[in-house]
Amino acid sequence: MKRLTILGATGSIGTQTLEVIRREQENFELVAVSANNNSNKIIDIINEFAPLYAVLTEKKAYEEVRKYCLDNNLKCKILFGMEGLNTIASLQEVDIVVTSVVGMIGLVPTLKAIQAGKDIALANKETLVVGGELVISEAKKHNIKILPVDSEHGAIFQCLQGNKKSAVSKILLTASGGPFRGKRKEDLLEVTVDEALKHPRWNMGKKISIDSATLMNKGLEVIEAHWLFDVKYDDIQVLVHPQSIIHSMVEYRDGSIIAQLGSTDMKLPIQYALNYPNREQAVADRLNFYDMENLTFEKPDMDTFTALRLSYEAGKVGGTMPAILNAANEAAVELFLGKRIKFLEIGNILEECMNKFEVQQSYVLEDLLEIDSKVKKYVKDRF
Ligand code: NDP
Ligand code: MG
């Protein structure tokens with residue numbers, strides 16, 4: 001029996017993680033959950049799974065859930081804010097922390113979990129982009145596993161099983177291409193928020209959906225792969241594969257390529273991460289090769305989707321540059337979702353912030369938090 005905390009239990013990944021737990025009640029016990037403000041969904045989770053702790057990071061929602069539990073005599077402890085997140089990330093009675101909050105807000109709780117010796121099922125890629133070096137070195141120090149939930153990284157992780165790391169020649173990171181695949185800059189001048197949110201293959205939270213439309217998501221994933229698998233940036237090749245059947249591949253030095261395939265369902269990588277190294281009965285649909293459309297591959301267009309090019313650049317510069325890139329992106333996506341800037345401005349803001357802010361090659365946690373808020377403030381003040 002593995003005991004779990006889910007940070008961000010009410011989101012797209014959180015909900016699908018609950019679905020896996022529901023199907024494998026004999027394997028998992030839900031100890032703690034968090035949400036930002038979705039009190040209704042947290043109340044549903046408390047009623048169904050009876051976790052010992054729930055955290056809300058928004059005051060009104062926290063009060064609501066606390067009152068509900070008091071009125072109904074429920075023994076779930078309700079905690080508030082970042083302190084609450086840090087508490088449930090490091091509980092003694094927990095084995096694995098699923099990090100499915102969105103944004104670099106997940107960094108500190110993830111570090112707390114690692115320092116408390118918890119394995120991490122990592123969906124929250126921004127954490128690794130911002131603090132990769134710190135997170136990985138803490139993970140090594142505390143001898144914990146980081147199990148990737150992101151479908152591409154879950155695939156790479158599986159393709160690496162049973163092989164020597166030294167024999168890897170490159171990683172082939174697949175990308176659907178997002179809703180604007182094949183478009184040029186001039187086609188994207190007036191795209192709306194709704195158009196950008198319409199992902200052709202995956203149904204996800206708003207932030208990652210916009211990241212998929214700009215290809216920033218793939219850029220974040222390149223940096224995520226660099227840290228998770230200790231591979232040089234030049235050995236990570238992005239491959240647009242619109243059908244999203246191959247979730248990524250690893251090429252070995254003898255030229256053999258190992259791929260992982262599956263339906264486009266996040267429950268598959270979530271289930272593998274939670275059960276690793278075991279495999280359990282499928283919770284996602286199986287692939288049927290007789291029904292399959294052609295599998296196609298293309299080179300990504302980094303002139304139109306500058307976020308991907310900039311991510312490679314930021315990763316190669318290293319130090320606090322990926323944190324600058326990520327902060328600029330989080331702020332820009334929020335502005336775009338609020339209809340305050342146009343779609344193509346997202347890429348411009350990334351480039352501007354990368355040029356404007358000074359990079360620190362070595363850093364501690366406080367430096368990351370400081371640069372994150374500085375960059376976000378700069379972007380917000382500009383619009
Ligand atoms: P969602 O927006 O659907 O969910 C985000 C979760 O985080 C919710 O539980 C939300 O609570 C909570 N949250 C939001 N803001 C805050 C905050 N300021 N403080 C604390 N908690 C907060 O996101 P996704 O599930 O789509 O994505 C989560 C992470 O997983 C992201 O890093 C994403 O890149 C990654 N990922 C997602 C995939 C997907 O298919 N969705 C695939 C691969 C990776 P509330 O509901 O109350 O707002
Ligand atoms: Mg992914």
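Counting convention: from 1, in listed order, for ligands and their atoms alike.
Rounding to the nearest 0.5 Å places NE2 of His153 at 8.0 Å from CD1 of Ile171. Considering CZ of Arg22 and CG of Leu30, their distance stands at 10.5 Å, rounded to 0.5 Å. To the nearest 0.5 Å, atoms NZ (Lys145) and OH (Tyr276) are separated by 7.0 Å. Here the CD-CD distance, from Glu24 to Glu280, works out to 5.0 Å after rounding to the nearest 0.5 Å. In this structure, Arg66 CZ and Leu56 CG are separated by 11.5 Å, a value rounded to the nearest 0.5 Å. One finds the CE atom of Met204 at 4.5 Å from the NE2 atom of His199 (value rounded to the nearest 0.5 Å).
Here's the thing with Ile13: one of its N/O atoms is less than 3.5 angstrom from an N/O atom of ligand 1. Close N/O approach between Gly205 and ligand 1 is found [any backbone or side-chain N/O within under 3.5 Å]. Ligand 1 has an N or O atom lying under 3.5 Å from an N or O atom of Asn37, backbone or side chain. Ligand 1 has a nitrogen or oxygen under 3.5 angstrom from a nitrogen or oxygen of Ser12. Ligand 1 has an N or O atom lying under 3.5 Å from an N or O atom of Glu126, backbone or side chain. For ligand 1, one of its N or O atoms has an N or O atom of Asn36 under 3.5 Å away.
Which parts of ligand 1 touch Asn38 is read off a 4.0 Å heavy-atom cut-off, strictly below it: atoms 46 (O), 47 (O). Taking every heavy atom of Gly8 and a limit of under 4.0 angstrom, the matching atoms of ligand 1 come to 6 (C), 7 (O), 9 (O). The distance from ligand 1 to the heavy atoms of Ala9 drops below 4.0 Å at these ligand atoms: 9 (O). Using a 4.0 Å cut-off to heavy atoms of Ser100, the atoms of ligand 1 that qualify are 5 (C), 6 (C), 7 (O), 28 (C). For ligand 1, the atoms sitting less than 4.0 Å from at least one non-hydrogen atom of Ala123 are 30 (O), 32 (O), 35 (C), 36 (N), 44 (C), numbered in the order shown with element in parentheses.
At the shortest separation from atom 4 (O) of ligand 1 among protein heavy atoms lies Gly11 CA, 3.1 Å. Residue, atom and distance of the protein heavy atom nearest to atom 10 (C) of ligand 1 are Thr10 OG1, 4.0 Å. Of the protein's heavy atoms, Val102 CG1, 3.8 Å lies nearest to atom 14 (C) of ligand 1. Scanning the protein for heavy atoms near atom 43 (C) of ligand 1, the closest one is Asp150 OD1, 3.1 Å. Nearest protein neighbour of atom 29 (C) of ligand 1, counting heavy atoms only, is Val101 O, 3.4 Å.
By the neighbour-count criterion of 12 heavy atoms within 6.0 Å, atom CD of Glu83 is sparsely surrounded, having that number or fewer from other residues, nucleotides or ligands. The environment of Gln361 atom CD is dense: over 12 non-hydrogen atoms of other residues, nucleotides or ligands sit within 6.0 angstrom. Heavy-atom neighbours of Asn143 CG from other residues, nucleotides or ligands within 6.0 Å: at or below the threshold of 12. When the shell of 6.0 Å around NZ of Lys140 is examined, it contains 12 or fewer heavy atoms from other residues, nucleotides or ligands.
Under 2.8 Å from the Mg ion (ligand 2), one finds the following protein N/O/S atoms: Asp150 OD1, Glu152 OE1, Glu221 OE2.
In Lys125, the parts holding a heavy atom less than 4.0 Å from any atom of ligand 1 are both the side chain and the backbone. The proximity of Thr57 to ligand 1, defined as any non-hydrogen pair under 4.0 Å, is limited to the side chain. Residue contacts with ligand 1, taken as heavy atom pairs separated by less than 4.0 Å, involve Ile208 solely via side-chain atoms from C-beta onward.
By the 4.5 Å heavy-atom criterion applied to side chains, Glu334 and Ile210 are not counted as neighbours. Side-chain contact between Val130 and Ile371: absent, with no pair of heavy atoms (C-beta onward) separated by less than 4.5 Å.
His241 and Phe297 have parallel rings, their planes meeting at less than 30° on a 0 to 90° scale where 60° marks the start of perpendicular. Between Phe80 and Tyr62, the ring planes lie tilted relative to each other; the angle falls in the 30° to 60° range.
Screening Arg3, Glu93, Lys2 against Glu29 for a side chain to side chain contact (heavy atoms under 4.5 Å, CB included) leaves a single residue, Arg3.
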